[in-house]
Amino acid sequence: MTQEPALRFRPNRAGHYAPVFGPVIAALLRVFKGVVMTAVTLEALMGETYQQQECWAAAMIGQQAYFSDTIFQDRSPIDGQTVAQVGIADLHFLEEAVQATQQAFRIWRMVPAPKRGMLVAEIGRQVHQVKEDLAALITLEVGKTRQEALGEVQEWIDMCDFAVGLSRQLYGLTVASERPGHRLMEQWHPLGPVGVISAFNFPVAVWAWNAMLAFVCGDSVVWKPSEKAPLCALACHAIVQKALQTMVTKAGTDAIAGVFGLHSVVIGQRTIGEAISQHSAFPLVSATGSVAMGKAVNTVVAARLGRCLLELGGNNAAIITPSASLAQSLTAVVFAALGTAGQRCTTLRRLIVHHSVKDRWVQALIQAYRGVAIGDPRDESNLVGPLIDDQAYESMQIALHRAVEQGGNILVGGQRVSENVPSGVYVVPALVEMPAQTEVVCLETFAPILYILTYEELDEAISLQNAVTQGLSSAIFTESMVEAEMFLSAVGSDCGIANVNIGTSGAEIGGAFGGEKDTGGGREAGSDAWKYYMRRATNTIHYGEGLTLAQGIEFNLNEQ
């Protein structure tokens, strides 16, 4: 019989469980810019409440910290050095989070939606105050350039603005009834606790898409972040808790004191994600990651008839037509291909160029790739930072080897950079000219590889673009209205995102984000994505005299 691991908290001197947000926010405001972060400076960043014997909490459930005897090394991709030791939660931690999230949901669902929006407004204010500091933490943990990290934090702020407005627009419908003296309507109610499973490449933004909508819709959230970005998750949790404390204090009542369990973070391995998928406490599981992971989550959640919101792989293409402006399009193409070192789900991976302009575009791309600065992402002169780990580099090399075997020609890049960079995994982005859309081109490799293909007619280009299993993002560069409209039509791109004269990445939060086919079919962020987080009820109210049945059915008891 195995002994169950003890759930351990960090009590304050009075023996109570200390609120965690104060030291975190105070330290975030003091974050040091342009210096190498170490475990020592991270202690200042997060505060003592998050640490126990130099180990960071394995879970934050509301305002309570949970520690584990099992730990892992959180390493920065910038230089491969350990920045923190972090606890690994087990299933007992998750059960504690489930109890807290269910209790909070029962309270939060009764708070009017505009009042729930006030919480998200306060979260947005708190994030704005620490934008630079949180961006520095994103750079540390996942290697994004400072500009990209700042953009990710801004995305959280924008999502707060959107959700606040949405809190007064969770509209139902009034439907014309066929029966006199009846009113037919639809309304939306909070769904329940939401399980969020996120990936390393957007350690803040994707969670924010889900959590900010869930909060205004009346739901609670349990978050399993990527093990590669646990400190970002703890910082986000602290900001939410500080906003909750502000809301409770302003309310001047204990009526919603139990709402601190509205958000919890559980840091663990795949077993935690699997348990969230299996748990009936979560009517909705939102999962971001690989296609294989998404299929596994969907199978488990569907078996218990729960909902899935999946944001999975993307093998995104852009079509370059003869009329495309090279001067205006080149930057968009290069950013889409190289942003986050090719580790975005929306990264441009296939460039389908009309044969008449191929040579001009290839030369311009080679020149641009050779001129891109690669190195420490904290240096703003660098546009490409590190890959997340050695495994990503190995996957890149395997893909390039297969491309050559399948007739490809590596025009530039692919090699590892070792001079004038820290000791992380830095590579020269690769341009590969392919004779056709071969097997390797149809696979998503999470690395900066751009395959170049050619076409004769637009129908052929669209067919090439759509002939992969993923369907996330796409683009066409053209000055022809006919070509642009054809691309956006029902016979054009089959992706969830289709752009004209902009790249495949960098979507605004106002539109629904997501894709078709193996991308999972989910939609997050803007538009009507909020409906995932609520349940719809159709109501019929009879206020007239006598009973009139639908479809003209007669059912007269008095005539029997």
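Every value quoted in this text rests on a predicted model; they were computed, and no experiment measured them.
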Check this for me: does any side-chain nitrogen of one of Arg146 and Glu132 sit under 4.0 Å from a carboxylate oxygen of the other?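 The answer is yes: the pair qualifies as a salt bridge.
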
Pairing of Glu516 and Arg523 as salt bridge, 4.0 angstrom limit: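 The answer is yes: the pair qualifies as a salt bridge.
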
Would you check if there is a donor-acceptor pair between the side chains of Ser473 and Thr504 at a distance under 3.5 Å?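 The answer is no; no qualifying pair exists.
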
Test item: side-chain donor near acceptor, Gln126 and Glu122, under 3.5 Å: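 Yes, Glu122 and Gln126 have a side-chain donor paired with an acceptor closer than 3.5 Å.
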
Arg349 backbone acceptor or donor facing Asn316 side chain under 3.5 Å: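 Side chain of Asn316 to backbone of Arg349: no pair is present.
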
Has the side chain of Glu186 got a donor or acceptor atom that lies under 3.5 Å from a matching backbone atom of Arg536?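 The answer is no, because no donor-acceptor pair under 3.5 Å joins these two groups.
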
Going through the distances and angles, do Arg307 and Leu191 end up as a side-chain contact (heavy atoms from CB on, under 4.5 Å)? CA-CA 10 Å; Arg307 299 185 192 177; Leu191 179 65; 3.8 Å; yes

Within 6.0 angstrom of Met185 CE, more than 12 heavy atoms from elsewhere: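 Enclosed.
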
Count the heavy atoms belonging to other residues, nucleotides or ligands that lie under 6.0 Å from CD of Gln269, then report whether that count exceeds 12.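 No - once you tally the heavy atoms of other residues, nucleotides and ligands closer than 6.0 Å, there are 12 at most.
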
Evaluation steps, side-chain contact (heavy atoms from CB on, under 4.5 Å), between Trp108 and Asp219: CA-CA 7 Å; Trp108 192 241; Asp219 302 332; 6.0 Å; no

Do the side chains of Ile267 and Leu234 get nearer than 4.5 Å, heavy atoms only?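 They are in contact (side-chain heavy atoms under 4.5 Å apart), so the answer is yes.
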
Listed pairs under 3.5 Å, donor-acceptor, residues 157-167 side chains, sequence neighbours left out:
| from | atom 1 | to | atom 2 | distance (Å) |
| --- | --- | --- | --- | --- |
| Asp158 | OD1 | Gln154 | NE2 | 2.8 |
| Ser167 | OG | Val164 | O | 2.5 |

Derivation and outcome, side-chain contact (heavy atoms from CB on, under 4.5 Å), residues Val130 and Val153: CA-CA 9 Å; Val130 297; Val153 181; over 6 Å; no

Tabulate below the donor-acceptor pairs under 3.5 Å that side-chain atoms of residues 284-292 make, not counting sequence neighbours, or state none.
| from | atom 1 | to | atom 2 | distance (Å) |
| --- | --- | --- | --- | --- |
| Ser286 | OG | Asn210 | OD1 | 2.7 |
| Ser286 | OG | Asn210 | ND2 | 3.4 |
| Ser286 | OG | Glu524 | OE2 | 3.2 |
| Ser290 | OG | Met293 | N | 3.1 |

